[in-house]
Amino acid sequence: MYDIERYLNIRSAYGGSFSPNGETLSFLMDTTGTSQVWSIDGPGQWPDQHTFYDERVTFASWSPERRELAFGMDEGGNERDQLYLLGPDTGEVTNLTQRPDAKHWWGGWSHDGERFAFTSNRRDNSVFDVYVQARDAVGNDAELVYEGDGWLNVGGWSPDDTRLIVTEAYSNFDQDVYVLDIESGKLTHVTPHEDSIRYQSVTWGPDGENLYLVTDDGADTLYLARLDLDTREMTMVEEGGEWELDGVAIDHDTGRLVYSQNVDGYTELVTGTFADPDTVETFPQPDLPHGIAGGVSFGPDAERFALTVTGSADNTNVYVVEMETGEAERWTYAATAGIPRESFVEPELVHYPTFDGRQIPAFFTLPETDTGHGETPVIVDIHGGPESQRRPSFSGVKQYLVQHGYAVFEPNVRGSAGYGKAYGHLDDVENRMDSVKDIEAAVEWLHDHPAVDPDRVVALGGSYGGFMVLAALTEYPELWAAGIDIVGIANFVTFLENTGEWRRELREAEYGSLEDDREFLESISPINNIDAIQAPLFVLHGENDPRVPVGEAEQIVEKAREQGVPVRKLIFDDEGHGFSKLENRVQAYTEIVDFLEEHV
């Protein structure tokens with residue numbers, strides 16, 4: 001029986017990127033307590049560490065032509081990433097952007113490695129512009145190639161390096177795609193549409209005449225499509241069917257590709273090559289652990305590719321797959337802190353009925369100590385987003401809880417991604433509280449389960465999941481033994497007023513607008529229903545949170561205490577929307593464990 005600190009020392013390796021010659025693989029790993037840049041020259045070899053910061057590194061990407069990498073890093077969780085250039089052989093690091101007041105979103109290297117692209121809100125905090133910068137330029141030497149008026153991202157360079165894919169997001173279920181001519185600055189809209197349509201994972205075809213993407217245009221689930229840039233005609237290449245296609249990666253030189261399907265939360269990977277623009281000849285399915293896989297990086301000639309793999313009972317590591325055979329080999333061996341891998345427990349995928357007859361998917365993990373006689377406490381762990389999805393990835397915290405006698409129940413209530421367009425829109429604006437009813441239905445299902453102690457059910461969640469915790473505690477107070485709110489929304493009005501300017505419009509598309517829906521937003525805000533709360537509450541937050549400002553935590557703590565509710569509060573002054581530093585995670589979850597021991 002290991003303590004929580006031991007489980008928090010289980011490491012993750014992810015975000016693999018091949019060097020130009022394919023002999024070195026860089027990746028991120030959190031061995032030091034925060035994710036840093038590491039590299040390895042072969043499977044299972046001893047890795048080299050290249051960055052040594054207290055702050056987390058958010059990505060690392062090899063130049064396609066030189067032994068140098070770009071990486072991103074923010075400060076104190078403020079999400080204002082700066083871009084850096086790393087010489088892995090010399091250890092030299094150059095700050096490429098030098099604008100700590102602005103966000104920078106990486107848009108990829110040009111094929112010749114001479115330039116890179118990014119979007120940033122450095123001109124106007126509320127919108128993102130497109131920049132191109134020479135690899136040896138810094139700061140204001142970046143060239144502003146397009147002034148935007150919304151949430152823009154760069155999706156990659158055309159094969160001849162003259163154009164960029166630019167995507168604009170209006171909500172998580174509605175995007176547009178543009179092609180930007182770098183020299184002229186002309187932006188061409190290639191996906192004009194009405195209503196909400198997803199255009200995601202957009203990438204250039206090998207010839208530069210087509211784009212490939214996943215979309216739900218004319219369908220409920222995401223499918224793989226080809227967009228002809230001359231005719232604007234969209235052709236289905238591979239259908240999603242009952243399940244969504246997650247995304248696609250294409251090697252421009254060879255026409256080889258990898259795409260993934262999200263089957264009830266699990267990844268099914270398909271590899272192949274284009275026989276013609278609309279036909280994929282598939283290779284044998286990669287031999288990978290059952291779980292989640294993504295983040296493809298092709299080696300030279302796309303003979304192999306690296307990707308990140310995780311599972312409920314497998315901590316996160318980078319694997320390399322041979323394209324033509326499907327043979328997979330794990331290259332990184334992120335440590336499990338001496339905890340035996342065989343002790344990690346897999347969940348059961350279940351479906352439970354809710355108020356309108358729908359079946360809600362969930363992952364249910366029972367401890368081996370369960371006797372089936374109603375003695376097991378349950379943590380109902382609610383994901384954020386809300387357009388996110390709880391998938392079978394590794395969680396050291398969950399494994400700790402299970403090993404210490406708790407069951408963990410992880411529902412994907414209405415509004416979750418991964419189950420199609422219609423399901424994702426079921427909780428929009430005026431239907432917001434229907435998703436909370438799905439949580440009530442989950443507890444009712446748990447009450448009928450022979451393992452569960454109905455008097456020891458806990459609500460836990462982060463971000464939007466924190467709102468769900470607070471809403472569940474105030475709407476259905478009799479169901480809960482305790483609640484744990486991590487960086488959660490307490491008041492939709494103050495949240496929308498104070499969230500980062502670049503996020504407000506995107507979030508209003510999901511929750512409702514301050515101008516048109518203020519009264520409704522006030523009615524569903526837990527802060528305005530706090531008189532109903534009965535269960536002890538623990539609220540945790542980061543002082544620098546740019547998404548859900550720390551005032552959300554302060555006000556719910558104050559109001560709950562006025563109601564005489566036992567409340568614990570923990571605010572980290574060097575964290576943002578979540579806890580990235582090991583020492584803070586240790587403190588946070590140690591106190592969560594103490595809180596559960598006291599009240600559950």
Practice prompt. Could you check Val270, Leu245, Asp246 and say which one makes a side chain to side chain contact (heavy atoms under 4.5 Å, CB included) with Ser260?
Written response: Asp246
Practice prompt. Take Asn153 and Thr167 through the side chain to side chain donor-acceptor pair (under 3.5 Å) test and state the conclusion after the steps.
Written response: CA-CA 5 Å; Asn153 274 286; Thr167 60; 4.8 Å; no
Practice prompt. Mind running side chain to side chain contact (heavy atoms under 4.5 Å, CB included) on Val350 and Trp445 for me, showing each step along the way?
Written response: CA-CA 11 Å; Val350 302; Trp445 185 88; 4.2 Å; yes
Discussion item. Check whether Phe595 forms a cation-pi arrangement with Arg568 (NZ or CZ under 6.0 Å from the six-membered ring centre, at most 45° off the ring normal).
Written reply: no
Discussion item. Would you say the rings of Trp243 and Tyr266 are close, in the sense that their centroids are separated by under 6.0 Å?
Written reply: no
Worksheet, complete the sentence: Across all chains, not counting sequence neighbours, the ring pair (Phe, Tyr, Trp, His ring centres under 6.0 Å) partners of Tyr199 are His193
Discussion item. Quick check on Lys559: does its NZ atom have over 12 non-hydrogen neighbours (other residues, nucleotides or ligands) under 6.0 Å away?
Written reply: no
Worksheet item: Ion pair present between Lys421 and Asp195, side-chain N to carboxylate O less than 4.0 angstrom?
Response: no
Worksheet entry | Ionic contact status for Asp438 with Arg414, cut-off 4.0 Å | yes
Item to complete: Give a yes or no on whether the ring-centroid distance for His449 and Phe364 is below 6.0 angstrom.
Response: yes
Worksheet item: Between Glu552 (side chain) and Ala490 (backbone), is there a donor-acceptor pair under 3.5 Å?
Response: yes
Item to complete: For the pair Asp220 (side chain) and Asp216 (backbone), establish whether a donor and an acceptor sit closer than 3.5 Å, ignoring hydrogens and angles.
Response: no
Worksheet item: Between Tyr259 and Tyr212, is the gap from one ring center to the other below 6.0 Å?
Response: no
Worksheet entry | Glu244 vs Arg198, salt bridge (Lys or Arg N to Asp or Glu O under 4.0 Å): CA-CA, chis, key distance, verdict | CA-CA 12 Å; Glu244 310 248 75; Arg198 288 176 287 176; 2.9 Å; yes
Practice prompt. Cation-pi check, Arg585 to Tyr589: give yes when NZ or CZ is under 6.0 Å from the six-membered ring centre and within 45° of the ring axis, no otherwise.
Written response: no
Worksheet item: Taking the six-membered ring for Trp, are Phe409 and Tyr352 ring centroids under 6.0 Å apart?
Response: yes
Discussion item. Assess whether a salt bridge exists between Glu475 and Lys437, defined as any Lys/Arg side-chain N lying under 4.0 Å from an Asp/Glu carboxylate O.
Written reply: no
Practice prompt. Take Arg6 and Tyr400, measure what side chain to side chain contact (heavy atoms under 4.5 Å, CB included) needs, and give me the verdict at the end.
Written response: CA-CA 9 Å; Arg6 190 75 166 269; Tyr400 168 85; over 6 Å; no
Worksheet entry | Nearest heavy atoms of Met433 and Ala471, plus distance in Å | CE-CB, 4.3 Å
Discussion item. Ignoring hydrogens and geometry beyond distance, is a side-chain donor-acceptor pair present between Asp453 and Thr376 at under 3.5 Å?
Written reply: no
Worksheet, complete the sentence: When every non-hydrogen atom of Pro549 is compared with those of His541, the smallest separation belongs to O-NE2, 3.6 Å
Fill in: Heavy-atom pair with the smallest gap, counting every atom of Gly418 and Asn262
CA-ND2, 3.8 Å
Discussion item. Distance check, rounded to the nearest 0.5 Å: Leu540 atom CG versus Leu570 atom CG?
Written reply: 5.0 Å
Response to the item:
On a heavy-atom basis, the closest approach of Leu496 and Leu521 is CD1-CD1, 3.8 Å
Worksheet item: Centroid-to-centroid, Phe59 to Trp106, below 6.0 Å?
Response: yes
Worksheet item: Under 6.0 Å from the CD atom of Glu368, do we count more than 12 heavy atoms belonging to anything else shown?
Response: no
Fill in: Spacing of CZ belonging to Arg391 relative to OG belonging to Ser416, to within rounding of 0.5 Å
12.0 Å
Discussion item. Taking the basic N atoms (NZ, or NE/NH1/NH2) and the acidic carboxylate oxygens, is any pair closer than 4.0 Å for Arg358 and Asp356?
Written reply: yes
Practice prompt. Can you see which heavy atom on Gly338 is nearest to which on Tyr2, and at what distance?
Written response: O-OH, 3.9 Å
Worksheet item: What's the verdict on side chain to side chain donor-acceptor pair (under 3.5 Å) for Glu55 and Thr34, showing C-alpha distance, side-chain angles and the deciding distance?
Response: CA-CA 6 Å; Glu55 304 292 351; Thr34 57; over 6 Å; no
Worksheet item: Taking Ser171 for the side chain and Phe173 for the main chain, is one N or O donor matched with an acceptor at less than 3.5 Å?
Response: yes
Item to complete: Could you tell me whether the side chain of Asp517 and the main chain of Ser513 form a donor-acceptor pair under 3.5 Å?
Response: yes
Fill in: Working for side chain to side chain donor-acceptor pair (under 3.5 Å), residues Asp81 and Thr58
CA-CA 8 Å; Asp81 265 28; Thr58 53; 2.5 Å; yes
Fill in: Arg432 and Glu510 ion-paired at < 4.0 Å
yes
Worksheet entry | Option passing ring pair (Phe, Tyr, Trp, His ring centres under 6.0 Å) with Phe394 (candidates Tyr7, Tyr14, Phe344) | Phe344
Worksheet item: Within a reach of under 6.0 Å around CD of Glu591, are more than 12 heavy atoms found that belong to other residues, nucleotides or ligands?
Response: yes
Worksheet, complete the sentence: Heavy atoms of Thr354 and Ala441 approach each other most closely as OG1-CB, 3.5 Å
Worksheet item: Name the one of Val413, Asp381, Ile382 that satisfies side chain to side chain contact (heavy atoms under 4.5 Å, CB included) with Arg390?
Response: Asp381
Fill in: Rounded distance [0.5 Å steps], OH in Tyr333 versus CZ in Arg330
4.5 Å
Discussion item. Working note: Val248 + Leu213, criterion side chain to side chain contact (heavy atoms under 4.5 Å, CB included); need CA distance, chi angles, decisive distance, verdict.
Written reply: CA-CA 7 Å; Val248 59; Leu213 66 158; 5.8 Å; no
Discussion item. Within this structure, what is the CG-OG distance for the pair Asn412 and Ser435, rounded to the nearest 0.5 Å?
Written reply: 12.0 Å
Response to the item:
Interatomic distance, CG@Asn315 vs OG@Ser12, rounded to 0.5 Å, equals 6.5 Å
Worksheet item: How about Glu239: does its CD atom have over 12 heavy atoms from other parts shown lying under 6.0 Å from it?
Response: no
Item to complete: Drop me the distance from His425's NE2 to Asp174's CG, to the nearest 0.5 angstrom.
Response: 7.5 Å
